[in-house]
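Working notes, beginning with the structure itself.
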There are 2 protein chains.
Amino acid sequence: MTAVGPRALEGGARGPAGNVPEGYDPHAFEPFAVTVDLAVFTVRGGALHALLIRRGQEPYAGAWALPGGFVLPRESAELAARRELAEETGLPDDVVAGLHLEQLRTYSEPDRDPRMRVVSVAYTALVPDLPEPRGGGDAAHAEWIAFGTSGQLAFDHADILADARERVGAKLEYTCLATSFCPPEFTLGELRQVYETVWGTALDRPNFRRKVLATPGFVEQVAGASRLTGGRGKPAALYRAGPATALHPPLLRPEGRQS
Amino acid sequence: MTAVGPRALEGGARGPAGNVPEGYDPHAFEPFAVTVDLAVFTVRGGALHALLIRRGQEPYAGAWALPGGFVLPRESAELAARRELAEETGLPDDVVAGLHLEQLRTYSEPDRDPRMRVVSVAYTALVPDLPEPRGGGDAAHAEWIAFGTSGQLAFDHADILADARERVGAKLEYTCLATSFCPPEFTLGELRQVYETVWGTALDRPNFRRKVLATPGFVEQVAGASRLTGGRGKPAALYRAGPATALHPPLLRPEGRQS
DNA sequence: CGCCTTTATAGTCAGAGTGACCATTAAGGG
DNA sequence: CCCTTAATGGTCACTCTGACTATAAAGGCG
């Protein structure tokens with residue numbers, strides 16, 4: 001890998017915060033590829049699942065990997081992430097446009113891809129339990145895989161997925177994000193299961209209920225509606241996500257346990 | 001801008017999560033430049049300051065900008081950020097190696113730099129009140145500018161700086177990060193000033209003291225030492241940063257006020 | 001010197017929030 | 001009919017916090 005280009009700029013103020021000489025040729029140095037990777041989570045049957053695709057070619061042929069792809073020349077990373085998400089899940093664009101998508105962080109270790117220098121902006125998405133994703137027209141075939149059962153992931157995707165899970169767990173504490181995992185109408189039991197699944201701990205039912213209902217704007221009751229949850233037990237009232245986005249005070253996970 | 005390369009890969013599985021054909025030519029498409037930008041904060045005389053450099057050339061000649069520069073071909077973004085920080089501040093490498101540096105987020109809007117496509121990974125650093133930075137050998141001349149008094153910043157650096165400030169404020173709530181703004185030995189009054197400065201609110205002295213001392217590992221008293229703080233008043237005991245990194249339960253800013 | 005201001009430090013008190021419980025209601029299953 | 005299960009309603013003690021008062025120890029000033 002030849003180190004020309006950027007280094008040639010060192011004589012003046014550098015970078016976009018500095019200056020690029022007029023005659024600067026964008027093709028003169030070893031380029032960086034910029035991609036997005038997606039950590040898409042859902043809660044399914046009491047277990048956290050991530051959306052993964054099976055790799056067909058080397059490197060890491062046969063391994064699971066995060067969905068993702070190149071950022072196109074006229075596209076922001078966020079737009080690229082939304083486009084890839086729509087392609088991989090086969091969901092209609094308007095549904096994808098409404099999903100919670102959040103930038104996680106950027107992974108830039110020089111050797112994270114053995115083929116060339118790839119800098120990847122990772123995004124985290126939380127979705128309700130969707131119908132099985134349709135492969136996005138091309139060879140890509142995305143599936144929901146229970147967290148921790150995927151074997152070795154390609155590239156540094158295991159790191160990304162672990163970081164994303166930790167971030168989601170932390171955000172549940174001080175935001176109303178948990179409703180993103182739920183369908184439009186849900187019971188408090190389902191909402192509690194989201195917390196229990198992501199945190200890996202059991203929560204006290206009455207206390208959870210008290211906390212959620214005491215937070216203005218977290219959830220709004222759907223008048224008169226109720227639903228049986230697990231086939232057994234008293235039917236539960238239905239709620240919708242409210243307008244609030246932050247939890248004050250936060251709902252802390254018990255005893256700082258990480259999983 | 002020619003949109004070849006990435007688009008040519010669409011036929012197969014895409015991106016580094018997909019596959020790059022063997023004959024793929026890294027120079028065949030419009031390249032992305034990858035840079036780092038630094039939001040370096042300090043607390044000085046009761047006001048939050050950011051480290052900025054004055055731009056000499058167009059675009060944005062004469063405006064203040066964040067320090068930063070290219071990520072070199074064999075360098076991670078974090079390494080680039082640390083190298084740039086050392087160059088701009090003129091601090092010895094071992095000091096820079098010990099500073100708190102945290103990835104903020106990546107800015108990738110296609111037109112954020114009018115000259116070419118630049119994707120920038122932003123980092124936030126918190127430092128104690130350092131001696132005036134020496135310009136880093138080159139033309140760059142970094143200065144501490146009080147937050148909000150810089151006028152228009154170059155590129156999207158005002159957004160980055162605002163995001164960084166918000167992130168720092170939030171992190172003070174649930175981490176022990178505030179000690180990064182302080183010299184090795186500090187008084188509780190100085191630590192409280194960090195919170196007051198970043199949050200823009202006054203805090204109750206006794207309550208702040210109680211909270212900090214009740215958190216195990218946040219600070220450790222320096223036996224027998226004390227110092228006069230503002231010239232007036234009772235001398236204050238000195239403390240060092242403790243081993244703790246997280247605050248459980250958090251120290252929430254009053255009334256969810258953002259500034 | 002006494003008196004002011006300033007800051008650190010010690011303590012009090014009421015209310016909010018939380019964890020650990022117990023009790024009741026309403027469903028399905030044998 | 002009685003079991004299990006889950007939702008819901010409620011209690012109680014403890015912790016944490018915000019508001020506040022009081023004391024200690026410095027410098028400045030007449």
Side-chain angles (χ1 to χ4, degrees), chain A residues 45-46 172-174 182 185-197 199 201-216 218-219 221-239 244 246-257, chain B residues 45-46 172-174 182 185-197 199 201-216 218-239 246-257:
Chain A
L172 289 192
E173 290 193 331
Y174 56 94
C182 295
E185 297 193 345
F186 51 87
T187 69
L188 292 186
E190 290 164 348
L191 187 64
R192 183 173 43 80
Q193 265 209 8
V194 168
Y195 280 89
E196 292 181 334
T197 301
W199 287 348
T201 59
L203 296 177
D204 182 81
R205 255 186 275 251
N207 289 345
F208 178 81
R209 175 188 185 78
R210 178 180 57 187
K211 174 68 180 175
V212 171
L213 295 182
T215 303
F218 192 176
V219 297
Q221 188 161 9
V222 179
S226 66
R227 185 209 302 163
L228 280 163
T229 50
R232 275 201 283 274
K234 181 176 174 178
L238 288 178
Y239 294 84
L247 269 177
H248 276 294
L251 174 52
L252 300 174
R253 49 193 141 179
E255 264 319 281
R257 292 181 46 201
Chain B
L172 289 192
E173 291 192 331
Y174 56 96
C182 296
E185 298 192 344
F186 51 87
T187 69
L188 292 187
E190 289 163 349
L191 187 64
R192 183 173 43 80
Q193 265 210 7
V194 168
Y195 280 89
E196 293 180 333
T197 301
W199 287 349
T201 59
L203 296 178
D204 182 80
R205 256 185 274 251
N207 289 344
F208 178 82
R209 174 188 185 77
R210 177 180 59 186
K211 174 69 181 175
V212 170
L213 295 181
T215 303
F218 192 176
V219 298
E220 293 169 348
Q221 189 160 10
V222 179
S226 65
R227 185 210 301 161
L228 280 164
T229 50
R232 276 199 285 271
K234 182 177 175 178
L238 288 177
Y239 294 83
L247 268 177
H248 276 294
L251 173 52
L252 300 174
R253 50 192 140 176
E255 264 320 282
R257 292 181 46 200

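The chains referred to below are lettered A, B, ... by the order of the sequence lines, with proteins before strands, and numbering in each begins at 1.
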Query raised in the report: Base, sugar-phosphate alone, or nothing: which one does A214(A) contact when heavy atoms must sit under 4.0 Å apart?
Result: nothing
Requested in this report: Calculate the interatomic distance between L188(B) atom CG and dA10(C) atom C1'; express it in whole Å.
Outcome: 14 Å
Requested in this report: Measure the CZ-CG distance between R209(B) and L203(B) for me, rounded to the nearest 0.5 Å.
Outcome: 15.0 Å
Query raised in the report: What is the distance from CZ of F208(B) to C1' of dA8(C), rounded to the nearest Å?
Result: 13 Å
Requested in this report: May I ask you to verify if any side-chain N or O of R210(B) is less than 4.0 angstrom from the OP1 or OP2 atom of dA10(C)?
Outcome: no
Report task. Look at K211(A) and dT18(C) and indicate whether a side-chain polar atom (N or O) is within less than 4.0 Å of OP1 or OP2. Result -> yes
Extract from the structure each pairing of a protein N or O with an N or O of nucleotides 21-25 of chain C at less than 3.5 Å, listing the distance.
unit_1	atom_1	unit_2	atom_2	d
dC21(C)	N4	D204(A)	OD2	3.4

Query raised in the report: Within the structure, does a side-chain N or O atom of R232(B) lie under 4.0 Å from either OP1 or OP2 of dG28(D)?
Result: no
Requested in this report: May I ask you to say what R192(B) touches in the nucleic acid, namely base, sugar-phosphate or nothing, with a heavy-atom cut-off under 4.0 Å?
Outcome: sugar-phosphate
Query - Length of the CZ-P vector between R209(B) and dA22(D), whole Å - result: 19 Å
Report task. Could you grab the distance from atom CG of L213(A) to atom OH of Y239(A), nearest 0.5 Å is fine? Result -> 5.0 Å
Requested in this report: Could you tell me the separation between the NZ atom of K211(A) and the CZ atom of F218(A), rounded to the nearest 0.5 Å?
Outcome: 9.5 Å
Query - Residue P235(A), side-chain heavy atoms: nucleotide from dA26(C), dA8(C), dA7(D) that is nearest - result: dA26(C)
**Report entry** Check: R253(B) side chain, T201(B) main-chain N or O, donor-acceptor pair, under 3.5 Å
**Finding:** no
Report summary line: Those residues at least two apart in sequence (or on a different chain) that pass side chain to side chain donor-acceptor pair (under 3.5 Å) with R232(B) are none
Report summary line: Result for 5'-nearest mapping on DNA chain C, choosing between L251(A) and G189(B), is G189(B)
Query raised in the report: With sequence neighbours left out, what residues match N207(A) under side chain to side chain donor-acceptor pair (under 3.5 Å)?
Result: D204(A), R210(A)
